[in-house]
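As a basis for the values below, the full set of heavy atoms in this structure was taken, side chains included, without hydrogen atoms, waters or symmetry mates. To find a chain, count down the sequence lines: A is the first, B the second, and so on, and within it residues start at 1.
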Amino acid sequence: MRVYDYAISGDRITVRVPETDEDLRAFEAWYRVASKRGPIALDTETTGLDIFSAGYRLRTVQFGDRHTAWVIHYERGGRFQHAVRAALEWIDELLIHNAPFDWCVVDRHVGVPIERLAPKTTDTRLKAGLIDPRQPQEGGRGTGLKPLSAWYVDPKAPDTQGDLTSVFRSLGLTKATGWAGIPLDHPTYNLYAGLDVILTARLNPCLDAELSALGVRSKLVRFEHEIARICAVMQRMGMILDTEYTRALNDRLGFEASHYESLALRYGVTNVNAPAQIREALLGMGEEWSKDEVTANGALKVDKAVLHRFADLDFQTGARLNLRTPNPLAEAIIKSKRAGKWRSTYTQTFLDVVDADGRVHPFINSMQARTARMSVTRPALQTLPSSDQMIRRCLLAEEGHVMVSTDFKAVELRVLAALADVKRMKEAIRAGEDLHSFTARLVFGPDFTPKHRKISKGIAFGKVYGGGAATIQRQTGAPMEEVRRALAAYDRLYPEIRRASARWQREAYETGLVHVSVTGRQLPLDRDRMYAVVNYACQSAARDCLGQSLLHLEEAGLLDYMRLPIHDEVLCSVPAKEATDFAREIERCMTFDLYGVPIEAEAEVGKRSWGSLYGASE
DNA sequence: CAAATCACG
DNA sequence: ACGTACGTGATTTGC
């Protein structure tokens with residue numbers, strides 16, 4: 001047995017790396033005793049992030065408590081794998097930092113399913129996120145094991161991931177090849193693998209102490225663990241990629257990008273992604289910029305909006321405006337950039353991450369944003385273009401299934417009505433009125449126009465997001481005077497919104513600039529953006545409505561059909577023959593009462609591809 | 001690593 | 001006193 005000694009917070013700790021049968025028996029003897037004293041921390045080291053791709057390897061599985069870590073070389077096979085399985089069966093309380101990753105790894109490569117692991121798991125990353133959801137860039141401590149350990153456990157705790165990348169370099173490996181290429185026996189690799197579980201074990205009681213000091217309800221902690229498990233199951237399931245269509249589209253986009261690149265080259269632009277070059281070329285052609293078309297650093301903007309103006313094209317539809325002579329360079333850059341971007345960000349990524357069975361398995365981070373909103377990465381399926389079906393067409397429902405997309409109806413506004421107890425808004429929602437038309441009628445009278453409805457909608461968004469008259473004017477294009485008048489009328493109509501904003505801000509000053517949400521979530525505010533509290537309260541409560549719906553959907557036996565959460569929407573793949581019945585059932589699971597305000601959802605039944613729900617379908 | 005850009009809710 | 005658009009991920013350039 002290899003043994004490494006180290007010190008954490010002045011305590012002597014030991015990392016053990018079993019080599020023989022006898023060593024493995026010692027491991028078994030250890031966890032049988034240690035697991036009676038408390039939870040056992042678990043971690044894995046693998047060849048990378050492509051859990052579901054061919055050639056992916058699980059290298060080590062680590063177990064540990066506050067003083068001892070065991071690094072089991074799973075990659076060696078045979079008795080090592082057997083030892084890991086036996087330990088996972090025996091131990092009844094696991095601590096994992098970022099459990100969904102290790103759940104998926106263990107499910108796929110050890111064969112112990114998420115359903116068995118999740119009920120006995122506590123995720124220290126989730127707990128940390130409930131204490132402070134901010135990323136380090138936002139003034140938070142972050143939710144990585146390194147920053148949390150440095151804060152709670154030992155300021156001198158090593159950066160086990162970061163330090164290893166310099167070890168990789170010394171071995172002639174890179175960040176990308178290091179995890180797969182480092183020899184299994186490398187001392188630093190084993191020591192750091194062991195330290196991770198010891199740090200996790202030491203972190204947990206500190207997080208518990210802080211959660212209880214803050215009064216975060218244990219019910220909320222359990223709620224998040226349930227949501228994380230459901231999202232992990234969705235990740236494991238993944239979605240079918242139409243590889244044939246995706247390859248053809250990938251080629252077509254590549255061809256299109258280079259075609260328009262060569263057009264741009266005629267005007268001296270050698271790189272369509274270099275703003276400085278485009279700026280110079282367009283200036284040389286005599287184009288002029290308005291005052292507000294500058295970047296934060298004062299440079300002339302060459303973004304999509306400016307290029308569309310030069311090209312005499314509508315920003316939204318891309319249609320000819322006939323307002324001026326189209327600038328051919330602007331048009332070539334628009335087309336080349338779009339094709340290149342859609343290729344690299346979407347189709348190429350799909351082809352890069354697809355597994356051997358033709359499925360993509362996006363990482364669903366169930367509690368990512370500072371409002372606890374979810375995020376989806378590798379690939380970022382929450383941000384696929386929705387203007388037409390081109391990209392979403394790459395993803396398919398199961399064989400014999402169709403896609404069903406079910407959206408909440410104006411959920412953030414309804415949540416605002418519920419949280420701020422906005423009387424007239426609640427009445428209108430309960431009466432089944434279209435909220436924006438309702439507002440327009442009361443503000444502009446019974447003869448209100450679609451333009452008036454648009455202003456009302458802009459103000460509703462402005463209220464939730466914290467924007468002012470200038471922003472609403474920019475977004476709606478309505479005359480400033482009309483916007484001001486509507487804003488004043490809006491405040492008279494729904495006075496509770498301003499009052500709630502003031503109250504929440506005042507309360508936050510008393511609790512150290514933290515807004516405690518309706519579900520008991522800690523939402524830290526920025527001192528110079530206190531007005532954002534309205535948005536944080538609404539966005540996070542709306543996210544919790546989505547989370548609650550995911551639990552309802554699972555209770556209704558629909559988890560196998562669920563594919564992706566998208567903020568106010570759940571995408572499902574359901575049998576084509578019973579699609580409308582499934583749609584009704586999904587709607588039912590996403591419908592409930594929030595303080596007297598109905599939260600409602602509307603399902604749309606598509607065809608086999610996700611794209612069928614967008615733009616013109618074939 | 002910051003800035004710019006563009007995709008989404 | 002007044003007014004402030006909110007939250008993400010990914011790619012690329014250029015220092």
For A:Thr383 and B:dC6, is the shortest distance between a side-chain N/O and OP1 or OP2 below 4.0 Å? no
Using a cut-off of less than 4.0 Å, is there contact between a side-chain N or O of A:Thr349 and OP1 or OP2 of C:dT11? yes
What contact category does A:Val464 fall into here, base, sugar-phosphate, or nothing, at under 4.0 angstrom with non-hydrogen atoms? nothing
Start with the C-alpha gap between A:Lys304 and A:Phe315, add the side-chain angles, then the distance that decides, and say whether side chain to side chain contact (heavy atoms under 4.5 Å, CB included) holds. CA-CA 8 Å; A:Lys304 203 175 148 188; A:Phe315 178 78; 3.9 Å; yes
Mind checking if A:Leu384 touches a base, just sugar-phosphate, or nothing, with heavy atoms under 4.0 Å? sugar-phosphate
Please confirm whether the shortest side-chain N or O distance from A:Asn271 to OP1 or OP2 of C:dT13 is below 4.0 Å. yes
With sugar-phosphate meaning primed atoms plus P, OP1 and OP2, does A:Ser387 contact a base, only sugar-phosphate, or nothing at under 4.0 Å between heavy atoms? sugar-phosphate
Using a heavy-atom cut-off of 4.0 Å across all strands, would you classify A:Arg378 as base, sugar-phosphate, or nothing? sugar-phosphate
Classify A:Gln348 by what it touches in the nucleic acid, base, sugar-phosphate, or nothing, heavy-atom distance under 4.0 Å. nothing
Take atom C1' in C:dA5 and the same atom in B:dG9, then report the distance between them in whole Å. 14 Å
Kindly indicate whether a cation-pi arrangement holds for A:Arg338 with A:Trp342, taking the cut-offs as under 6.0 Å to the six-membered ring centre and within 45° of the axis. yes
Can you find an N or O donor on one side and an acceptor on the other, under 3.5 Å apart, linking the side chain of A:Gln382 with the base of B:dC8? no
